[in-house]
Engineer: 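I'd like to ask you about the structure that follows.
The residues of the chain are indexed from 1 along the displayed sequence.
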Amino acid sequence: MESQVSVAVTRSSRFKELDGWRAISVLLVIVAHVGGHQHIRFTSEHPWLLAIVRHFGQFGVKIFFVISGFVICRLLLAEEKQFGAISLKAFYYRRIFRILPPLLLYLCAFAILLALGWIRDHWAALGFSLLFLQDIHLGPRSWFAGHTWSLAVEEQFYLTFPAALVLSAQRFRNRICLAFLGLCALWNLSLVFSGQSTLVSYDIRSGFICIGMGVFMALNEERARNSAIRIPQAVLIPIGFALLVNGLDPHTWQSLVIESLFVPPAIAFILLRSLERGKLLGRLLCSRPMLAIGVTSYSIYLWQELFTGTSDSYAGIGKFIPRLIPLLLAIVAASYVFMEKPAMRYGRKLSERAQIRRAARAGAYIRGDKVQDQSLKVEVSS
């Protein structure tokens, strides 16, 4: 009988607090879409309120980006420590089965509703979402698929980042990351002189900086967490409030400086400070409702767009769709249980196989019924 290798991968501990932050992020996005888009007739009567509500959505996505960079880099570093190397194949298995199945399910619903004439949008938007190009202004503007711009920013970043991590020596990684952050900041600040690009979305620039900051925090996790703990709460609270209600015009040079140099590290330090156990904020983030929202935040982010369009976005029977927003809970639960979780499990299974093969090529050897290596121990069963 052919031998089979089974492995129990020791994953780094999952921070429940970050799931709580994911919940806050997606709720901020929903508030921005409902108040800053769907019911803009009301909020437009109060310009200060409209500016703050719209900022909620941008701020929520930036939190997502910082978390993404931190968590993914942290997992890759844990894999490198355990297996002695990072498997790009394993990473992309996890990534593909984490992102694509729920996205394809949502886009199928989008296509069906568009074919039925219940929503007003463009077929081209479907292609741009599938190709992760919604952050580049090549096609018509889309509401129901336009929010996949954030997925596009992430996937474009992760096309190159894992390979850069694999190819770079550990002693150079901090310098490379800082150089990347500096280049992104300069690219962002160049808007002061060049104006807004008609092709490349501003969100690409801010997204890359936030993901990169998460990566930098993961590379220096112990030092960064110790620094975050030493920051007094009396300082963090007003900083957090300022981040939340930032009313600056996003196109001014002052705003570009703040968004490039202040916002990403401020978000990162607040996230790291919240990981300190026993504090009130940590208990709130780890409460059962917040964890439930946080764990399903990806499905919530995808499907909330269907219910938060303006009245002009719907046609015929579709005019009733916004009134059916309570169905969002059932749709998200079904998507998570029957699509997202099984796909992630399968992706992890493929990933573990790839890690074993990568470790074996790196020098693991078989002694009797054990596979042993300095950084890897897996049992062999027939």
Engineer: Count I, L, V, M, F, W, Y as connected when their side-chain heavy atoms are under 4.5 Å apart, and connections chain through other members. Are Ile96 and Leu104 then in the same cluster?
Structural biologist: yes
Engineer: Less than 4.5 Å apart, side chain to side chain, heavy atoms only: is that true for Glu221 and Arg74?
Structural biologist: yes
Engineer: Answer yes or no: is there a donor N or O on one side and an acceptor on the other, between the side chain of Asn188 and the main chain of Cys184, under 3.5 Å?
Structural biologist: no
Engineer: Taking a hydrophobic cluster as the set of Ile, Leu, Val, Met, Phe, Trp and Tyr residues connected by side-chain heavy atoms closer than 4.5 Å, whether directly or through intermediates, do Phe70 and Ile229 fall within one such cluster?
Structural biologist: no
Engineer: Hey, does the side chain of Glu154 reach the backbone of Leu151 with a donor-acceptor pair shorter than 3.5 angstrom?
Structural biologist: no
Engineer: Are Asp19 and Arg22 ion-paired here, with the side-chain N under 4.0 Å from a carboxylate O?
Structural biologist: yes
Engineer: When clusters are formed from ILVMFWY side-chain contacts under 4.5 Å, directly or step by step, what else is grouped with Leu159?
Structural biologist: none
Engineer: So, for Leu272 and Ala228, which heavy atoms are closest and what is the spacing to 0.1 Å?
Structural biologist: CB-CB, 3.9 Å
Engineer: Can you check whether Tyr106 and Trp303 have ring centres sitting under 6.0 Å from each other?
Structural biologist: yes
Engineer: Indicate the ring-plane relationship of His46 and Trp48, choosing parallel, tilted or perpendicular according to the 30° and 60° boundaries.
Structural biologist: perpendicular
Engineer: In Å and rounded to the nearest 0.5 Å, what is the CZ to OH distance from Phe97 to Tyr346?
Structural biologist: 5.5 Å
Engineer: According to the interplanar angle, ranging from 0 to 90°, do the rings of His37 and Trp143 count as parallel (below 30°), tilted (30 to 60°) or perpendicular (above 60°)?
Structural biologist: parallel
Engineer: Report yes if the side chains of Cys73 and Phe216 come closer than 4.5 Å at any heavy-atom pair, otherwise no.
Structural biologist: no
Engineer: Are Leu291 and Val26 grouped together when hydrophobic residues (ILVMFWY) are joined by side-chain heavy atoms under 4.5 angstrom apart?
Structural biologist: no
Engineer: Counting C-beta onward and ignoring hydrogens, is there a side-chain heavy-atom pair between Leu27 and Phe56 closer than 4.5 Å?
Structural biologist: no
Engineer: Is it true that the side chains of Tyr158 and Ser68 contain a donor and an acceptor less than 3.5 Å apart?
Structural biologist: yes
Engineer: Let me confirm one number: the CG-CE distance from Leu285 to Met290, rounded to the nearest 0.5 Å.
Structural biologist: 5.5 Å
Engineer: Check the orientation of Trp187 and Phe208. Use parallel for under 30°, tilted for 30 to 60°, and perpendicular for over 60°.
Structural biologist: tilted
Engineer: With no hydrogens and no angle check, is any side-chain donor or acceptor of Thr43 less than 3.5 Å from a backbone partner on Leu50?
Structural biologist: no
Engineer: Check for me, please, whether Leu329 and Val337 land in the same ILVMFWY cluster - side-chain distances under 4.5 Å, paths through other members count.
Structural biologist: no
Engineer: Under the criterion side chain to side chain contact (heavy atoms under 4.5 Å, CB included), I'd like the reasoning laid out for Phe64 against Ile67: C-alpha separation, chi angles, the key distance, then a yes or no.
Structural biologist: CA-CA 5 Å; Phe64 268 128; Ile67 293 173; 5.5 Å; no
Engineer: So which atom in Phe110 and which in His122 form the shortest heavy-atom distance, rounded to 0.1 Å?
Structural biologist: CZ-O, 3.9 Å
Engineer: Run Phe262 and Leu243 through side chain to side chain contact (heavy atoms under 4.5 Å, CB included) and show every step you take.
Structural biologist: CA-CA 10 Å; Phe262 172 74; Leu243 289 173; 3.9 Å; yes
Engineer: When rounded to the nearest 0.5 angstrom, what is the spacing between NZ in Lys349 and OH in Tyr93?
Structural biologist: 12.5 Å
Engineer: Can you confirm whether Thr308 sits close enough to Pro322 that some side-chain heavy atom of one is under 4.5 Å from a side-chain heavy atom of the other?
Structural biologist: no
Engineer: Side-chain polar contacts of residues 124-131 - donor-acceptor pairs under 3.5 angstrom, sequence neighbours left out - could you list them?
Structural biologist:
unit_1, atom_1, unit_2, atom_2, d
Ser129, OG, Ala125, O, 3.1
Ser129, OG, Gln134, NE2, 3.3
Ser129, OG, Ala145, O, 3.3
Ser129, OG, Thr148, OG1, 2.9

Engineer: Walk me through whether Lys89 and Glu352 qualify under salt bridge (charged side-chain N to carboxylate O under 4.0 Å, His left out).
Structural biologist: CA-CA 10 Å; Lys89 184 182 290 187; Glu352 288 171 1; over 6 Å; no
Engineer: Show your reasoning for whether side-chain hydrogen bond (donor to acceptor under 3.5 Å, both in side chains) applies to Ser25 and Tyr301.
Structural biologist: CA-CA 9 Å; Ser25 300; Tyr301 180 75; over 6 Å; no
Engineer: Does the Glu340 side chain pair with the main chain of Ile99, one donor and one acceptor, at a distance under 3.5 Å?
Structural biologist: no
Engineer: Once you round to the nearest 0.5 Å, how far does CD1 of Ile86 lie from CD of Gln355?
Structural biologist: 10.5 Å
Engineer: Check whether any side-chain N or O of Ser351 sits under 3.5 Å from a backbone N or O of Gly347 as a donor-acceptor pair, and report yes or no.
Structural biologist: no
Engineer: Where the side chain of Ser260 meets the backbone of Leu256, is there a donor-acceptor pair that is under 3.5 Å apart?
Structural biologist: yes
Engineer: What are the two closest non-hydrogen atoms of Gln304 and Leu328, and how far apart are they?
Structural biologist: N-CD1, 3.8 Å
Engineer: Measuring from atom NE2 of His39 to atom OG1 of Thr310, what distance do you get when rounded to the nearest 0.5 angstrom?
Structural biologist: 10.5 Å
Engineer: Any side-chain to backbone donor/acceptor pair from Ser335 onto Val332? Under 3.5 Å, distance only.
Structural biologist: no
Engineer: Minimum heavy-atom separation for Ala268 to Met213, with atom names?
Structural biologist: CB-CG, 3.9 Å
Engineer: The test is side chain to side chain contact (heavy atoms under 4.5 Å, CB included); show your working for Leu271 and Leu275 and say whether it passes.
Structural biologist: CA-CA 7 Å; Leu271 294 180; Leu275 301 181; over 6 Å; no
Engineer: Tell me if a side-chain donor or acceptor on Lys319 pairs with a main-chain N or O of Ser311 at a distance below 3.5 Å.
Structural biologist: yes
Engineer: Before you tell me yes or no, could you show the steps for His33 and Glu305 under side-chain hydrogen bond (donor to acceptor under 3.5 Å, both in side chains), namely the whole-Å CA-CA distance, both residues' side-chain angles and the distance that decides it to 0.1 Å?
Structural biologist: CA-CA 8 Å; His33 287 177; Glu305 202 83 355; 3.2 Å; yes
Engineer: For a 4.5 angstrom cut-off between non-hydrogen side-chain atoms, does Val215 reach Phe157?
Structural biologist: yes
Engineer: May I ask you to test the Phe269-Ile239 pair for a side-chain heavy-atom distance under 4.5 Å?
Structural biologist: no
Engineer: Any side-chain heavy-atom pair from Phe144 and Leu113 closer than 4.5 angstrom?
Structural biologist: no
Engineer: Identify the two heavy atoms, one from Gly212 and one from Phe180, that lie closest to each other, and give their separation to 0.1 Å.
Structural biologist: CA-CE2, 4.3 Å
Engineer: Leu284, Trp21: one ILVMFWY side-chain cluster at the under-4.5 Å cut-off?
Structural biologist: no
Engineer: What distance separates Ile204 CD1 from Asp135 CG, expressed to the nearest 0.5 Å?
Structural biologist: 3.5 Å
Engineer: Taking the basic N atoms (NZ, or NE/NH1/NH2) and the acidic carboxylate oxygens, is any pair closer than 4.0 Å for Glu222 and Arg225?
Structural biologist: no
Engineer: Any salt bridge between Glu17 and Arg283, counting N to O under 4.0 Å?
Structural biologist: no
Engineer: Just by modelled atom types, is the Tyr314 backbone N or O under 3.5 Å from a matching donor or acceptor in the Arg120 side chain?
Structural biologist: yes
Engineer: Answer yes or no: is there a side-chain heavy-atom contact under 4.5 Å between Glu79 and Ser87?
Structural biologist: yes
Engineer: Show the nearest heavy-atom pair for residues Arg94 and Leu76, with the distance to one decimal.
Structural biologist: NH2-CD2, 3.8 Å
Engineer: Go through it in stages, so that I can follow the logic: the residues are Phe161 and Ile211, the test is side chain to side chain contact (heavy atoms under 4.5 Å, CB included), and I'd like the CA-CA distance, side-chain angles, deciding distance and then a yes or no.
Structural biologist: CA-CA 10 Å; Phe161 161 67; Ile211 299 173; over 6 Å; no
Engineer: Using a 3.5 Å distance criterion without hydrogens, assess whether the side chain of Arg173 forms a donor-acceptor pair with backbone atoms of Leu165.
Structural biologist: yes
